[in-house]
Amino acid sequence: MACPTAKLGFVRSIISQDVYIQIQNLSKTYPNGVKALDNVSLTIPCGMYGLLGPNGAGKSTLMRTLATLQDSDSGGAVFGAIDMLRQKEKVRQLLGYLPQDFGVYPRISAQDMLDHIALLKGMANSGERKQRVAAMLQRCNLYDVRKKSLTGFSGGMRQRFGIAQALIGNPQLLIVDEPTAGLDPGERNRFYNLLAEVGEQVIVILSTHIVEDVTDLCTNMAIIHEGRVLYEGTPDNAIAGLGGRVWQRSIAKADLPDYERRCRVISNRLVGGRPLLHVLSEEPPGDGFAAGTPDLEDVFFTRIRGWN
Ligand code: ADP
């Protein structure tokens, strides 16, 4: 799949837009015996790719492996012609990474910090660097607060700064690990818009346990659970696979345990203070249930419960 031509001057293609990442049979067991990755194979094209899984699924292990920060036990990963597990320096030149815990917020301004990071990434010419830092701050909607100390930034501003530092080196691959946790809805939207634009030009891998992140942003996705890939494809195809099998009804709270015993309850969301059940059934369950409209959350829960 080819990406649209880059719109933004500061994201410069240095490899072909048709290049994709191919992960093959990647496995990792930690010394404590936890098998964090179990034969993971994925194909990740240009655009926004969602890696959806509950906490402990193995997402960060996979992200850190692709980001060259830790080694797998077996398997492979290539990015075009680059062997990601062995040619680590080459990967680092192409990579922008926003870890789950960016963590360090020193008492210096956003502008000075970004300038420092750009210098570390090899931008030696101070004039060019200054221009690029200013453009990036504008791009990430931080220009007005560029002189403020990072310590005083809100969660949303910190995440946008995290993206700015990840993008400053013109990455062809951007990895963002659980980036929206803790953001309020407005901040999350601003962050989505920023990521969506970046995803038009490069590969963006977004790891998340938040289903809406994938629904709202990603053209391709995988569901990962206990180190294994349970689904790989488009969100639309995943949802279509549940067509005619999701049923819903509103029930009294006290009846919930009974329904959970009798039905495959996918989810129960409170609507107006009453649980709205989604259940999985090949046949109409009767009992007041109506046909439901499946969504990605239904896909997520049915897959991780092994009901597919
Ligand atoms: P996720 O990012 O999906 O929450 P992780 O990759 O962080 O998942 O973790 C996958 C599993 O590996 C979890 O059971 C976690 O406790 C375990 N794990 C992660 N890092 C380590 C480590 N350094 N040592 C031992 N176990 C780990």
Side-chain angles (χ1 to χ4, degrees), residues 1-24 26 37 40-53 58-70 72 75-100 121 136 139-140 159 162-180 191-208 213-224 229 231-235:
M1 186 179 79
C3 277
T5 315
K7 290 193 297 200
L8 304 168
F10 69 79
V11 179
R12 194 181 66 240
S13 280
I14 48 179
I15 60 168
S16 160
Q17 297 280 343
D18 288 323
V19 167
Y20 51 87
I21 292 175
Q22 188 104 48
I23 300 167
Q24 266 181 332
L26 213 58
L37 298 177
V40 169
S41 296
L42 296 171
T43 301
I44 303 179
C46 187
M48 291 288 312
Y49 192 94
L51 189 68
L52 179 64
K59 303 181 298 296
S60 291
T61 302
L62 181 58
M63 303 290 90
R64 287 196 303 263
T65 307
L66 296 179
T68 76
L69 297 173
Q70 69 178 64
S72 62
V78 292
F79 181 17
I82 299 170
D83 180 336
M84 298 185 77
L85 306 186
R86 290 186 184 79
Q87 296 173 286
K88 293 185 179 177
E89 269 314 310
K90 283 203 170 155
V91 174
R92 285 171 196 155
Q93 283 163 18
L94 300 174
L95 174 74
Y97 179 49
L98 176 57
Q100 199 169 349
K121 295 227 175 193
M136 187 60 71
R139 179 77 207 83
C140 296
Q159 286 304 70
I163 285 291
Q165 65 78 30
L167 286 179
I168 194 84
N170 266 331
Q172 290 299 293
L173 166 62
L174 179 66
I175 293 179
V176 286
D177 197 354
E178 302 265 1
T180 62
F191 190 72
Y192 278 175
N193 287 332
L194 180 57
L195 273 189
E197 270 191 36
V198 176
E200 290 178 9
Q201 294 127 16
V202 301
I203 295 178
V204 180
I205 308 177
L206 166 83
S207 113
T208 185
D213 286 355
V214 178
T215 309
D216 292 356
L217 276 178
C218 298
T219 37
N220 290 283
M221 64 171 293
I223 296 174
I224 178 169
V229 176
Y231 174 79
E232 185 185 15
T234 65

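Judged by distance alone, with hydrogens and angles left aside, the side-chain atoms of Q172 form no donor-acceptor pair with the main-chain N or O of V91 at under 3.5 Å. Within the 3.5 Å criterion, the main-chain N or O of M84 finds no donor-acceptor partner in the side chain of Q87. Here the side chain of K59 pairs no donor or acceptor atom with the backbone of I224 at under 3.5 angstrom.
The shortest heavy-atom contact between L42 and A222 is CD2-CB, 3.7 Å. Shown here for S60 and D177, the closest heavy-atom pair between the two residues is OG-OD2, 2.8 Å. The heavy-atom pair separating L37 from G58 by the smallest distance is CD2-O, 3.5 Å. The nearest pair of heavy atoms linking M63 to L51 is CE-CD2, 3.4 Å. Residue P235 comes nearest to V214 through the heavy atom pair CG-CG1, 4.4 Å, listed as atom of the first residue, atom of the second, then distance. Between L194 and C140, the shortest heavy-atom distance links the atoms CD2-SG, 3.9 Å.
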*Before giving the answer on side-chain contact (heavy atoms from CB on, under 4.5 Å), spell out for L217 and V204 the whole-Å C-alpha distance, their side-chain angles and the decisive distance to 0.1 Å.*
CA-CA 11 Å; L217 276 178; V204 180; over 6 Å; no

*Go through the steps to decide whether L98 and I163 satisfy the test side-chain contact (heavy atoms from CB on, under 4.5 Å), and finish with yes or no.*
CA-CA 7 Å; L98 176 57; I163 285 291; 4.1 Å; yes

*Step by step, work out the side-chain contact (heavy atoms from CB on, under 4.5 Å) result for I21 and I205.*
CA-CA 10 Å; I21 292 175; I205 308 177; 4.2 Å; yes

*Check the pair C218, L206 against side-chain contact (heavy atoms from CB on, under 4.5 Å), reporting the backbone distance first and the verdict last.*
CA-CA 8 Å; C218 298; L206 166 83; 3.9 Å; yes

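When each of R92, E89, K88 is tested with T68 by the rule side chain to side chain donor-acceptor pair (under 3.5 Å), just one qualifies, namely R92.
In this structure, the side chain to side chain contact (heavy atoms under 4.5 Å, CB included) partners of Q70, at least two apart in sequence or on a different chain, are K28, Y30, T61, R64, T65.
K121 NZ: more than 12 foreign heavy atoms inside a 6.0 Å radius.
Taking CE of M48 as the reference point, atom CD1 of I203 lies at 12.0 Å (rounded to 0.5 Å). The distance from the CZ atom of F79 to the CG atom of L95 is 9.0 Å, given to the nearest 0.5 Å. Within the model, atoms CD of E232 and OG of S41 stand 8.5 Å from one another, a figure rounded to the nearest 0.5 Å. Residue E197 holds its CD atom at 6.0 Å from CD of E200, rounded to the nearest 0.5 Å.
For the pair T180/F191, a side-chain contact is recorded, criterion being any heavy-atom separation below 4.5 Å from C-beta on. Between L173 and I44 there is no side-chain heavy-atom pair separated by less than 4.5 Å. Residues L174 and L195 meet the side-chain proximity criterion, which asks for heavy atoms closer than 4.5 Å.
A donor-acceptor pair shorter than 3.5 Å can be found between the side chains of T43 and Q22.
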